Amino acid sequence: MYRYIYVEAKVGGMISKEEHRELIDKYSFEGWRFVTAIPKCSGGYGQLKEVDLVFEKYEE
């Protein structure tokens with residue numbers, strides 16, 4: 001059976017943020033596998049501001 005967690009990450013803006021990369025590396029190191037990113041919040045002109053990063057881990 002797989003267990004899933006959802007981690008909020010801020011993206012976009014005038015200055016590119018790399019928070020999502022750091023979070024993926026952090027959770028991968030802890031044994032989680034990155035599955036996908038789900039758009040969560042957008043700003044003006046449809047610019048993406050936040051996503052939920054989805055991670056999974058197999059547990060018996």
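Computed from a predicted model, the values in this text were never measured in an experiment.
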With L53, the side-chain contact (heavy atoms from CB on, under 4.5 Å) member among L23, I5, I38: L23
Non-neighbouring partners of E8 that pass side-chain contact (heavy atoms from CB on, under 4.5 Å), sequence neighbours left out: K10, K40, E50, D52
Which residues share a ring pair (Phe, Tyr, Trp, His ring centres under 6.0 Å) with Y6, sequence neighbours left out: none
Side-chain heavy atoms of V11 within contact of K49, under 4.5 Å: no
Residues forming a ring pair (Phe, Tyr, Trp, His ring centres under 6.0 Å) with Y2, sequence neighbours excluded: Y58
Show me the donor-acceptor pairs, under 3.5 Å and distance only, between side chains in residues 25-36 and residues at least two apart or in other chains.
{"unit_1": "S28", "atom_1": "OG", "unit_2": "I24", "atom_2": "O", "d": "2.8"}
{"unit_1": "R33", "atom_1": "NE", "unit_2": "E56", "atom_2": "OE2", "d": "2.9"}
{"unit_1": "R33", "atom_1": "NH2", "unit_2": "E56", "atom_2": "OE2", "d": "2.5"}

